[in-house]
Amino acid sequence: QRIVTGTAMVGDPGHAQQNHPEVNLAGFHISLAKAESDSPQVNEMKKKVIILSIGMAVFVVLQILASNIFRATKISSAMHQVFTALPDGEQAIEDLPSGGNLFLSNLTTMAFGIAVGLLVPACGFFGTKNGDKNIIQMFMYGNACCSCCGIVGFIGLLIAFNALNSF
């Protein structure tokens, strides 16, 4: 898992470029755009951005899938509890959707959430891979925006806890 500077294939196997930095991650070779100002420190930073982008992408997908699985399970469980408490509820339980059906009914929303959630990691990955400073700036602005929203949300949570403790 180190950056190798040497010959890397780009696109067609018949075309090779010399002194093209490459990141090797878990057996995958990711060719990076070569800039005149690239130094070993810059190449190491590129590797870190690639790893961060891939990690963010995996987190986004897993977080959305897990939250939707838990939500569907909670809704299904609550509906079963309500129907078992009703006098004629035992007969209606068979008509209730299962947690799996609730999960699948939300597939388009999950796909959209994953697509939007992958925009920032994709900017980091492709901006670094292609050497496009504008896309890397979008990655930085997206991370800054997410960080600011997280800080504001945390401050709001602290204020809410303080308000609850004052009662």
Side-chain angles (χ1 to χ4, degrees), residues 1-3 23-28 30 32 39-167:
Q1 291 190 4
R2 60 187 175 89
I3 295 199
V23 176
N24 299 319
L25 294 171
F28 293 99
I30 302 168
L32 303 175
S39 66
Q41 294 85 9
V42 171
N43 286 336
E44 191 64 32
M45 186 62 68
K46 286 180 178 182
K47 177 184 174 187
K48 289 178 182 178
V49 170
I50 292 284
I51 292 170
L52 177 67
S53 298
I54 292 171
M56 287 172 60
V58 168
F59 176 77
V60 164
V61 171
L62 292 178
Q63 188 270 333
I64 289 175
L65 289 175
S67 67
N68 279 291
I69 288 170
F70 290 128
R71 182 194 56 79
T73 304
K74 283 181 183 179
I75 290 173
S76 178
S77 174
M79 288 183 353
H80 276 80
Q81 288 177 356
V82 167
F83 274 90
T84 54
L86 295 175
D88 294 333
E90 292 294 327
Q91 296 170 352
I93 285 182
E94 292 132 10
D95 298 333
L96 290 177
S98 67
N101 287 340
L102 289 171
F103 175 78
L104 292 176
S105 68
N106 201 21
L107 219 52
T108 55
T109 305
M110 285 189 306
F112 181 74
I114 289 172
V116 169
L118 290 177
L119 289 176
V120 172
C123 285
F125 181 84
F126 290 110
T128 302
K129 184 178 181 314
N130 299 330
D132 189 340
K133 292 180 182 180
N134 293 325
I135 297 176
I136 293 172
Q137 284 180 339
M138 291 300 296
F139 174 67
M140 293 174 7
Y141 294 145
N143 280 325
C145 182
C146 290
S147 297
C148 289
C149 289
I151 290 169
V152 169
F154 182 71
I155 291 171
L157 185 68
L158 292 177
I159 291 170
F161 279 147
N162 189 27
L164 288 174
N165 286 335
S166 66
F167 285 112

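When the shell of 6.0 Å around CE of Met110 is examined, it contains more than 12 heavy atoms from other residues, nucleotides or ligands.
A side-chain hydrogen bond (donor to acceptor under 3.5 Å, both in side chains) check over residues 137-159, counting only residues at least two apart or in different chains, returns nothing.
Here the straight-line distance linking atom CZ of Phe112 with atom CD1 of Ile64 works out to 10.5 Å at 0.5 Å rounding. The CD1 atom of Ile69 sits 11.0 Å away from the CZ atom of Arg71 when rounded to the nearest 0.5 Å. A distance of 8.5 Å separates CG in Leu158 from CG in Asn162, rounded to the nearest 0.5 Å. Distance check: Ile136 CD1 to Lys46 NZ gives 7.5 Å after rounding to the nearest 0.5 Å. Rounding to the nearest 0.5 Å gives a distance of 12.0 Å between CD1 of Ile159 and CG of Leu164.
Of all heavy-atom pairs between Val120 and Met56, the closest is CG1-CE, 3.7 Å. In this structure, Phe139 and Val49 approach most closely via the heavy-atom pair CE2-CG1, 4.0 Å.
Although no hydrogens or angles enter the test, the distance criterion places a donor-acceptor pair under 3.5 Å between the side chain of Ser166 and the main chain of Ala163. The backbone N or O of Phe125 sits nowhere less than 3.5 Å from a side-chain atom of Thr128 that would complete a donor-acceptor pair.
Using a 4.5 Å cut-off on side-chain heavy atoms (C-beta onward), Cys123 and Leu119 make no contact.
In this structure, the side-chain hydrogen bond (donor to acceptor under 3.5 Å, both in side chains) partners of Asn106, at least two apart in sequence or on a different chain, are Asn68, Thr109.
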